[in-house]
Asker: 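Structure provided below as structure tokens; questions to follow.
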Amino acid sequence: EPEVTQTPSHQVTQMGQEVILRCVPISNHLYFYWYRQILGQKVEFLVSFYNNEISEKSEIFDDQFSVERPDGSNFTLKIRSTKLEDSAMYFCASRLDQPQHFGDGTRLSIL
Amino acid sequence: AQKVTQAQTEISVVEKEDVTLDCVYETRDTTYYLFWYKQPPSGELVFLIRRNSFDEQNEISGRYSWNFQKSTSSFNFTITASQVVDSAVYFCALSEWNRDDKIIFGKGTRLHILP
């Protein structure tokens with residue numbers, strides 16, 4: 001069964017550095033999402049993406065965040081200048097119809 | 001506004017007991033989806049079930065069953081004859097039935113199944 005793939009599984013970055021989290025959605029899917037889960041807390045919506053543009057974003061998704069689908073297969077989340085509070089698990093999801101299919105997540109640790 | 005409440009933060013039961021995880025939701029939409037996800041210690045989100053708001057039939061899948069009651073805005077999840085492998089955090093979630101269907105998650109219930 002096709003899967004959403006996220007790389008790396010764990011990313012360690014110094015505070016203030018830029019980080020790019022990568023996702024390969026399922027190939028025929030059209031809708032793409034990023035979610036965040038701070039350790040021990042609930043999963044929170046960050047952004048949805050459709051037809052090469054952001055459909056909706058949450059309050060968390062400020063100017064430090066950006067998303068891109070550069071080549072028709074990857075879907076990336078960039079954090080420009082990381083802060084300690086960006087440490088979390090980041091989940092990518094995609095769908096054609098319902099439901100959304102989630103990747104296994106990237107654990108981001110900011111030092 | 002949409003909201004999902006899982007009042008049980010943590011539950012411990014002895015193996016083979018039945019356990020019910022409660023979920024209450026709020027939405028102004030008449031059409032929506034409800035979900036349950038399992039998050040084992042390894043951290044991934046495992047999809048368990050999706051129901052749409054038109055379908056109030058209860059569902060059973062092996063030891064798992066779900067009770068959807070629109071009248072009380074609840075979507076409870078029961079594990080029958082629990083096993084140690086059921087130990088995980090379980091999230092109830094809600095999304096609108098439209099193009100941009102972000103999923104709103106509850107805070108989760110951490111379930112411990114004791115041997």
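Within every chain, numbering begins at 1; the chains are lettered A, B, ... in the order of the sequence lines, protein sequences first and strands thereafter. The figures that follow rest on heavy atoms only: side chains count, while hydrogens, waters and symmetry mates do not.
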Asker: Which value, rounded to the nearest 0.5 Å, describes the distance between B:Asp101 atom CG and A:Tyr33 atom OH?
Answerer: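 So the gap between those two atoms works out to 3.5 Å.
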Asker: Show your reasoning for whether side-chain contact (heavy atoms from CB on, under 4.5 Å) applies to A:Phe91 and B:Leu45.
Answerer: CA-CA 9 Å; A:Phe91 292 101; B:Leu45 288 169; 4.0 Å; yes
Asker: When you look at NZ of A:Lys83, are more than 12 heavy atoms from neighbouring residues, nucleotides or ligands closer to it than 6.0 Å?
Answerer: yes
Asker: If you count every heavy atom of other residues, nucleotides or ligands that lies below 6.0 Å from A:Glu3 atom CD, does the total exceed 12?
Answerer: no
Asker: Do A:Pro99 and B:Phe35 have side-chain heavy atoms sitting under 4.5 Å apart?
Answerer: yes
Asker: Distance check, rounded to the nearest 0.5 Å: A:His101 atom NE2 versus B:Phe47 atom CZ?
Answerer: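 Between atom NE2 of A:His101 and atom CZ of B:Phe47 there are 8.0 Å.
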Asker: Measure distances from A:Gln98 to the heavy atoms of chain B and classify the residue's part below 4.5 Å as side chain, backbone, both or neither.
Answerer: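 Both parts, backbone and side chain.
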Asker: When rounded to the nearest 0.5 angstrom, what is the spacing between NZ in A:Lys42 and CD1 in B:Ile104?
Answerer: 7.5 Å
Asker: Check the surroundings of atom NZ in B:Lys16: do more than 12 heavy atoms from other residues, nucleotides or ligands lie under 6.0 Å from it?
Answerer: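 Open.
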Asker: Tell me, do B:Lys102 and A:Ser48 make a side-chain contact under 4.5 Å, heavy atoms counted?
Answerer: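 Not touching, per the 4.5 Å side-chain cut-off.
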Asker: Mind checking whether B:Tyr33 and B:Val4 sit in one hydrophobic cluster, side chains of I, L, V, M, F, W, Y counted as touching below 4.5 Å?
Answerer: no
Asker: Near B:Arg110 CZ, under 6.0 Å, is it more than 12 heavy atoms from other residues, nucleotides or ligands?
Answerer: no
Asker: Go through the atoms of A:Tyr35 and report whether side chain, backbone, both or neither lie under 4.5 Å from a heavy atom of chain B.
Answerer: side chain
Asker: Taking every heavy-atom pair that is under 4.5 Å apart, which of B:Gly43, B:Gly108, B:Ser42 has the most such pairs with chain A?
Answerer: B:Gly43
Asker: Is the CD atom of B:Gln57 crowded by more than 12 outside heavy atoms at less than 6.0 Å?
Answerer: no
Asker: Step by step, would you call A:Gln37 with B:Phe91 a side-chain contact (heavy atoms from CB on, under 4.5 Å)?
Answerer: CA-CA 12 Å; A:Gln37 185 184 28; B:Phe91 291 98; 3.4 Å; yes
Asker: Check this for me: B:Lys38, atom NZ, are more than 12 non-hydrogen atoms of other residues, nucleotides or ligands nearer than 6.0 Å?
Answerer: yes
Asker: Can you confirm whether or not the ring centre of B:Tyr37 sits under 6.0 Å from the ring centre of A:Phe102?
Answerer: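 Under 6.0 Å, so yes.
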Asker: Can you establish whether the number of heavy atoms outside A:Glu59 located under 6.0 Å from its atom CD is more than 12?
Answerer: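 No, the 6.0 Å shell around CD holds no more than 12 heavy atoms from other groups.
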Asker: Under 4.5 Å heavy-atom distance to chain A, tell me which part of B:Gln39 shows up: side chain, backbone, both or neither.
Answerer: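 The answer is the side chain of B:Gln39.
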Asker: Once you round to the nearest 0.5 Å, how far does CD of A:Gln6 lie from CD of B:Glu44?
Answerer: 11.5 Å
Asker: So does A:Asp63 have more than 12 non-hydrogen atoms from other groups sitting under 6.0 Å from CG?
Answerer: no
